[in-house]
Amino acid sequence: MEKKIGFIGLGVMGKSMAGHILDAGYELYVYNRTRAKADELVSRGAVWCSSPAELASKSDIIITIVGYPEDVRQVYLGENGIAGAISEGKIAIDMTTTRPSLMLEIDSVLREKKAFFADAPVSGGDKGAREASLSVMAGCDEEVFRLIRPVLSVMGKSISWCGPVSMGQQTKMCNQIVIAGTMIGVSEALVYAAKCGLDVEAMVNTIRPGAAGCWTLDNLAPRVIRGDFEPGFMIEHFIKDMGLALEEAERMELCLPGLALVKQLYTALKAQGLGRKGTQALVKALESICRESFF
Ligand code: NAP
């Protein structure tokens, strides 16, 4: 039943993730807005489908990882979308970081077709996707989790059940709140080190094993030091995630000032034309506020 996997969204994350599914021996069906991004997978044996609906009709498990909530809405609920073609007993898994309430909406549409739905956003970045070491946060019925766990394990190392549909996204919101904090902390330390004349790389290597150690310091600080501001994780996507978390916080009448500050700084970077750079470019916002240039 689980042998035919459909995969929609072959960007920075999806292309590597779909590749692992192919390597694991599943039959793979693929669809992406820009067809050329599927070429390599097709040359390795994946089958191109001309719409989400065609892919849904051919696959037992459908996985999506597109960009924004409106993209998720389109591939599921839009014309030629998954919801129109999915049939009884099939499972769809959305791994995009998106709006929790949209997950509930899609779940109720798919339930009417007697199909199953899970939200399963990921953490671990482009590196985690390439190395199949992602952390996956699943929101679904426990029985559905048991069924999808094997295929999720092909893409990730830590596969967690977070509760019913939408709770994977809520866990991912917590993840992004932590990342916002570590991003600003690491960026400020890098600028501070450069300004006071430290060897910045040596500073990073010195503090990494201690209490300051984190993924951002390990993976993004080295990119800043070598002047690499390509994504990785795009600023536009992070602004989307922080906006979703702040939207949820507002709904719950919760005040998250640290998150709001970091979102403002990234919004300034987007206004400066850096929206499609990697999140490590946060140092550029600090540099421009301080009228300094180190990286
Ligand atoms: P990306 O490189 O922009 O990939 C998104 C892919 O989805 C693109 O290939 C895009 O097509 C495709 N797509 C968008 N709308 C579509 C539609 N309606 N129909 C078919 N395909 C569609 O983004 P990414 O970095 O892989 O991120 C994907 C998601 O994962 C985002 O929600 C992001 O927040 C989340 N995420 C990213 C990271 C990271 O480090 N990159 C980490 C964790 C989570 P085109 O090729 O035409 O653009």
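The residues of the chain are indexed from 1 along the displayed sequence. For clarity, every value in this text was computed on a predicted model and none was experimentally measured. When a ligand or atom number is given, it counts from 1 through the structure's own listing order.
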Could you tell me whether [X] approaches ligand 1 through its side chain, its backbone, both or neither, with non-hydrogen atoms closer than 4.0 Å?
X: Lys37; answer: side chain
X: Tyr31; answer: side chain
X: Met17; answer: neither
X: Met95; answer: neither

With the threshold set at under 4.0 angstrom, would you say Lys15 reaches ligand 1 through any of its heavy atoms? no
Heavy-atom gap Ser123 to ligand 1 smaller than 4.0 Å: no
Say whether Gly125, considering both its backbone and side-chain N or O atoms, lies within less than 3.5 Å of an N or O atom on ligand 1. no
Presence of salt bridge, [Y] and [X], under 4.0 angstrom:
X: Glu248; Y: Arg251; result: yes
X: Glu142; Y: Arg146; result: no
X: Glu40; Y: Arg44; result: yes

For atom 29 (C) of ligand 1, which of Asn80, Thr98, Val66, Asp126 has the closest heavy atom? Val66
Please work out which of Thr97, Val75, Thr64 has its closest non-hydrogen atom nearest to atom 35 (C) of ligand 1. Thr97
Point-to-point distance, once rounded to the nearest 0.5 Å, from CD of Glu105 to OG of Ser166: 12.5 Å
Rounded to the nearest 0.5 Å, the OH atom of Tyr76 sits from the CG atom of Asp94 at a distance of 4.5 Å
Kindly say whether the aromatic ring centers of Phe233 and Phe238 come within a distance under 6.0 Å. yes
